[in-house]
Amino acid sequence: MQSVETSGKKRDRTFDIARGLGMILIIMGHTFTNGAFKPYAFTTGAVIHAVSLMAFAANLPIFFVVSGYFYREKRLPDVIKGGINTLLVPYVAANAIWLVINLAFNFTNLKTGLLSILFGFGSVGMTIHNTFVPPIGALWFLIALFLATIIFQIVMKNQDLAP
């Protein structure tokens, strides 16, 4: 493991490398496929498609493993408060901008836009009660990480209760 001195503390660069690899895999996956995991017309090769699917299969586990490695026990209310400040507030702010732009250009209506924000579909829209709910793109990850962090905290606090 490589480490580097930063402000008096040693920083393990292995995790920076892992995060960088995860980012490269995300870019690869999104470059060669559309949101429905189908190859774009210009990437009809089976090898390129297979590589992009493998990239999608690996990128999120990398981020969750790295996040889990840096886990420190906290009180659940503190975890929720921190997640609200660092994940949900940016999610709502970015989606508010998304909604304003989509309303301004008549890409969506208010009901559909709010449903998109509420459900947070990443790349494939869904029909809910006869209303098509379009995807919101990469922002879905913020909600996923918020929920995963809370679930992980609960599991770690209750691991001693397991038989």
Side-chain angles (χ1 to χ4, degrees), residues 1-74 76 78-102 105 107-108 113 115-126 133-156:
M1 289 191 204
Q2 296 179 349
S3 61
V4 66
E5 191 85 18
T6 58
S7 64
K9 298 179 185 177
K10 283 194 174 184
R11 180 182 175 110
D12 185 353
R13 296 191 62 192
T14 305
F15 295 101
D16 294 330
I17 293 167
R19 286 191 333 213
L21 176 62
M23 289 178 206
I24 290 168
L25 291 173
I26 288 172
I27 292 167
M28 283 176 55
H30 285 283
T31 300
F32 298 119
T33 63
N34 66 16
F37 303 106
K38 296 177 185 169
Y40 283 120
F42 67 88
T43 59
T44 56
V47 172
I48 291 176
H49 185 60
V51 168
S52 66
L53 290 178
M54 287 188 284
F56 273 124
N59 62 30
L60 285 181
I62 288 172
F63 285 111
F64 281 104
V65 167
V66 169
S67 295
Y69 180 81
F70 289 106
Y71 166 79
R72 301 292 177 259
E73 189 172 330
K74 298 178 185 172
L76 187 58
D78 294 338
V79 170
I80 293 170
K81 183 179 178 185
I84 288 170
N85 292 333
T86 61
L87 298 169
L88 291 187
V89 168
Y91 176 82
V92 170
N95 274 303
I97 294 167
W98 173 88
L99 183 60
V100 167
I101 292 169
N102 278 274
F105 290 99
F107 293 142
T108 192
L115 284 173
S116 293
I117 294 168
L118 176 66
F119 286 101
F121 299 128
S123 60
V124 180
M126 296 186 80
V133 180
I136 57 162
L139 294 172
W140 70 269
F141 181 74
L142 296 175
I143 289 181
L145 187 57
F146 175 71
L147 295 174
T149 302
I150 292 170
I151 292 168
F152 187 71
Q153 182 72 22
I154 292 168
V155 167
M156 293 303 289

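Remark: Asn95 engages Tyr91, Trp98, Ile117, Ile136, Leu139 in a side chain to side chain contact (heavy atoms under 4.5 Å, CB included) (not counting sequence neighbours). For Phe141, the ring pair (Phe, Tyr, Trp, His ring centres under 6.0 Å) test picks out Phe64, with sequence neighbours left out. Partners of Leu25 by side chain to side chain contact (heavy atoms under 4.5 Å, CB included), not counting sequence neighbours, listed by chain and number: Leu21, Met28, Ala55, Ala58, Asn59, Ile62. Applying the side-chain hydrogen bond (donor to acceptor under 3.5 Å, both in side chains) rule to Asn85 yields no partners; only residues at least two apart in sequence or on another chain are considered. Take Leu147 and apply the side chain to side chain contact (heavy atoms under 4.5 Å, CB included) test, not counting sequence neighbours, and it matches Ile143.
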Practice prompt. Go through Phe146 and Thr86 one step at a time and tell me if the side-chain contact (heavy atoms from CB on, under 4.5 Å) criterion holds.
Written response: CA-CA 9 Å; Phe146 175 71; Thr86 61; over 6 Å; no

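Salt bridge absent: Asp78 and Lys81 never bring a charged side-chain N and a carboxylate O closer than 4.0 Å.
Under the salt bridge (Lys or Arg N to Asp or Glu O under 4.0 Å) criterion, the residue pairs touching residues 50-73 are Glu73-Lys157, with sequence neighbours excluded. For residues 59-69, no residue pair satisfies the salt bridge (Lys or Arg N to Asp or Glu O under 4.0 Å) rule, not counting sequence neighbours. Contacts classified as salt bridge (Lys or Arg N to Asp or Glu O under 4.0 Å) and involving residues 84-95 (residues at least two apart or in different chains) are not found.
Note that CD1 of Ile80 is 4.5 Å distant from CD1 of Ile150, once rounded to the nearest 0.5 Å.
Thr149 and Val79 make their closest contact through CG2-CG1, 3.7 Å (heavy atoms, listed as atom of the first residue, atom of the second, distance). Listed here is the closest heavy atom pair of Leu99 and Gly113: CD1-CA, 3.6 Å.
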